[in-house]
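Scroll down for the structure; my scribbles are underneath it.
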Amino acid sequence: MIIQPQIQGCVARNCHPIGCRAAVQQQIAAVRAAGAFNAPCRVLVIGASSGFGLASRIALTFGAGADTIGISLERGPSEKGVGSAGWYNNIWFREAAEQEGRLGLNLIGDAFSDTMRQQAIAAIREHLGQVDLVVYSLASGLRILADGTQVRSTLKTTGEPFTGLGYDIEHDALVEQSLAPASEQEIRDTVSVMGGDDWQLWMQALAEADCLARGAQTVAYSYIGPESTYPLYRDGTIGYAKEHLHATAEAINLQLAGIGGHAWVSVCKALVTKASAFIPVLPVYLAVLMQVMKVEGSHEGCIEQMRRLFAEKMFGAQGVVADGQRLIRMDDRELAPAVQAAVDTLWRQVTPENFHTLGDFAGLRADFFALNGFGLEGVDYGAAVEVAELAALRP
Ligand code: NAI
């Protein structure tokens, strides 16, 4: 079967399994080239199959020799299609980790469920004894509560409606997009899905099962962004969820005091991932930001960002480097005043006619396609992919 990309709006409907292998290998090569660093060696990654979670896992395994257990919700091949990129990322990551003599165990299922927590506890006991680090990197539109209630997150603003130009990846065009103000219920629901509640349940369950090593740390990922994006993010439903995540870090931090552990939030840079491509209007900011930061020489992809987080801001010579609110600021380069001034100027000039010449939409597209295994160097996209053979591979 020859696989061509199928994109609908800002969502990829398929992936190229062999291209996904090249993408994982590219990240491994980037970590190796950047050199080894010291970091905890027994790690649980919740949301491990793509974006920041996958990059965290690759950085820790190939930069610091970590053994990892990764949790994700992904689809394998079936009569409905080839499966999701994350499914293959899990397979290729595990194979590469094992070749390196490291554990790269994948647990596939709903991370919000108690069943998955129990599965992870059993796997930690069997393979690692305890963990030194828990990375919480879920991005989801749905959380199913213990009583079966389905709670959905929304991407809306609060206060006044917000309208701006968004990017339609499928048609490579700028289109007007609007974010309606959320109701109180929608805010509460988004906080339930993307806030800190589930992170805290995980940390409680792991502590009760004696799966946290002395001094264990946990980190969850957040975004704040510049003022120009506040209506889209910080003052939107997702921003409320992130505020809740930040507050939860304090609660977990207290709970970990007994074992000398700590909970952190890393405020990251905006980057192209499956989750961020879906946020209305934000990809236009992203393309302009990429343009500015590439010219300035400070651009980082997911893997560079996560390696820097662990090697320099969490486990470097100075220990954890956080601001006054105990936030680890990986968005330091994005929020540099000169970068934001240049972004503001460019963003104001962007129109549906000139956007290709102003923002790095080509770079954004390339990153988006690469997330799904397309457009990678060295992959023969004209060659048939043997899906039946791939179906025999287990994550
Ligand atoms: P992503 O969509 O690439 O990854 C999400 C991960 O969560 C995947 O591994 C997926 O399988 C897993 N997942 C989703 N629902 C699940 C479920 N019910 N059970 C088990 N696994 C599930 O997203 P991305 O962008 O890497 O996001 C991770 C975190 O980083 C999020 O909290 C996001 O808000 C945050 N972040 C992202 C930024 C960006 O620019 N992409 C910037 C700053 C923070």
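Counting convention: from 1, in listed order, for ligands and their atoms alike.
For ligand 1, the polar-atom distance check finds no N/O of Phe112 at less than 3.5 Å from any of the ligand's N/O atoms. At least one N or O atom of Leu271 sits closer than 3.5 Å to an N or O atom of ligand 1. Residue Ser222 has no N or O atom closer than 3.5 Å to an N or O atom of ligand 1. Close N/O approach between Ser72 and ligand 1 is not found [any backbone or side-chain N/O within under 3.5 Å]. Residue-to-ligand polar distances keep Leu142 apart from ligand 1: every N/O pair is separated by 3.5 Å or more. Polar contact check, Tyr223 against ligand 1: no nitrogen or oxygen pair lies under 3.5 Å apart.
By the 4.0 Å heavy-atom criterion, Ser113 is excluded from the residues contacting ligand 1. Distances from ligand 1 to the non-hydrogen atoms of Arg143 include no value under 4.0 Å.
Between Glu100 and Arg32 there is a salt bridge, since at least one side-chain N of the basic residue sits less than 4.0 Å from a carboxylate O of the acidic one. Comment: Glu98 engages Arg94 in a salt bridge, judged by a side-chain N to carboxylate O separation of less than 4.0 angstrom. Ionic pairing of Arg42 and Asp67 is not present here: no N-O contact between side-chain nitrogen and carboxylate oxygen is shorter than 4.0 angstrom. Between Glu186 and Lys156, at least one side-chain nitrogen of the basic residue sits less than 4.0 Å from a carboxylate oxygen of the acidic one, meeting the salt-bridge criterion.
Here the protein heavy atom with the shortest distance to atom 31 (C) of ligand 1 is Leu138 O, 3.3 Å. Ala139 CB, 3.7 Å is the protein heavy atom nearest to atom 27 (O) of ligand 1. In this structure, atom 33 (C) of ligand 1 lies nearest to the protein heavy atom Lys242 NZ, 3.7 Å. Here the protein heavy atom with the shortest distance to atom 4 (O) of ligand 1 is Ser50 OG, 3.2 Å. Looking only at heavy atoms of the protein, atom 24 (P) of ligand 1 is closest to Thr273 OG1, 3.8 Å. Here the protein heavy atom with the shortest distance to atom 19 (N) of ligand 1 is Ala111 N, 2.7 Å. Scanning the protein heavy atoms around atom 37 (C) of ligand 1, the nearest turns out to be Phe52 CE2, 3.5 Å. Looking at atom 28 (C) of ligand 1, its nearest protein heavy atom turns out to be Ser137 OG, 3.2 Å.
For ligand 1, the atoms sitting less than 4.0 Å from at least one non-hydrogen atom of Ala275 are 2 (O), 23 (O), 25 (O), numbered in the order shown with element in parentheses. Ligand-side atoms of ligand 1 in range of Tyr221: 30 (O), 32 (O), 35 (C), range being under 4.0 angstrom from any heavy atom. Less than 4.0 angstrom separates some heavy atom of Glu74 from each of these atoms of ligand 1: 10 (C), 11 (O). Distances below 4.0 Å separate heavy atoms of Ser140 from the following atoms of ligand 1: 15 (N). For ligand 1, the atoms lying closer than 4.0 Å to a non-hydrogen atom of Gly109 are 19 (N), 20 (C). Near Gly51, meaning under 4.0 Å from one of its heavy atoms, ligand 1 places the atoms 3 (O), 26 (O). Remark: ligand 1 atoms within the under-4.0 Å shell around heavy atoms of Cys268 are 43 (C). Which parts of ligand 1 touch Ala270 is read off a 4.0 Å heavy-atom cut-off, strictly below it: atoms 40 (O).
Without hydrogens or angle criteria, Gln27 side chain to Val24 main chain gives no donor-acceptor distance under 3.5 Å. With hydrogens and angles disregarded, a donor-acceptor distance shorter than 3.5 Å links the side chain of Gln340 to the backbone of Glu334. Counting only distance, with no hydrogens or angles, the side chain of Asn14 and the backbone of Gln4 share a donor-acceptor pair below 3.5 Å. Side-chain atoms of Arg307 come within 3.5 Å of backbone atoms of Ala34 as a donor-acceptor pair (strictly under, hydrogens ignored). Using a distance-only test at 3.5 Å, with no hydrogens or angles considered, a donor-acceptor pair links the side chain of Arg117 to the main chain of Phe112. For Arg326 (side chain) and Ala263 (main-chain N/O), a donor-acceptor pair under 3.5 Å exists by modelled atom type. The main-chain N or O of Pro395 is never found under 3.5 Å from a side-chain atom of Asn90 such that the two would form a donor-acceptor pair. Distance alone, capped at 3.5 Å, places no donor-acceptor pair between the Arg102 side chain and the Gln99 backbone.
For CD of Gln325, the number of neighbouring non-hydrogen atoms (other residues, nucleotides, ligands) closer than 6.0 Å is 12 at most.
At a heavy-atom distance under 4.0 Å, no atom of Met116 approaches ligand 1. Residue Ala48 touches ligand 1 through its backbone alone, judged by heavy-atom distances below 4.0 Å.
For the ring-ring contact (aromatic ring centres under 6.0 Å, His included) criterion with Tyr285, the lone passing option out of Tyr223, Phe361, Trp347 is Trp347.
Evaluated by nearest non-hydrogen atom to atom 42 (C) of ligand 1, the leading choice among Lys274, Gln305, Lys269 is Lys269.
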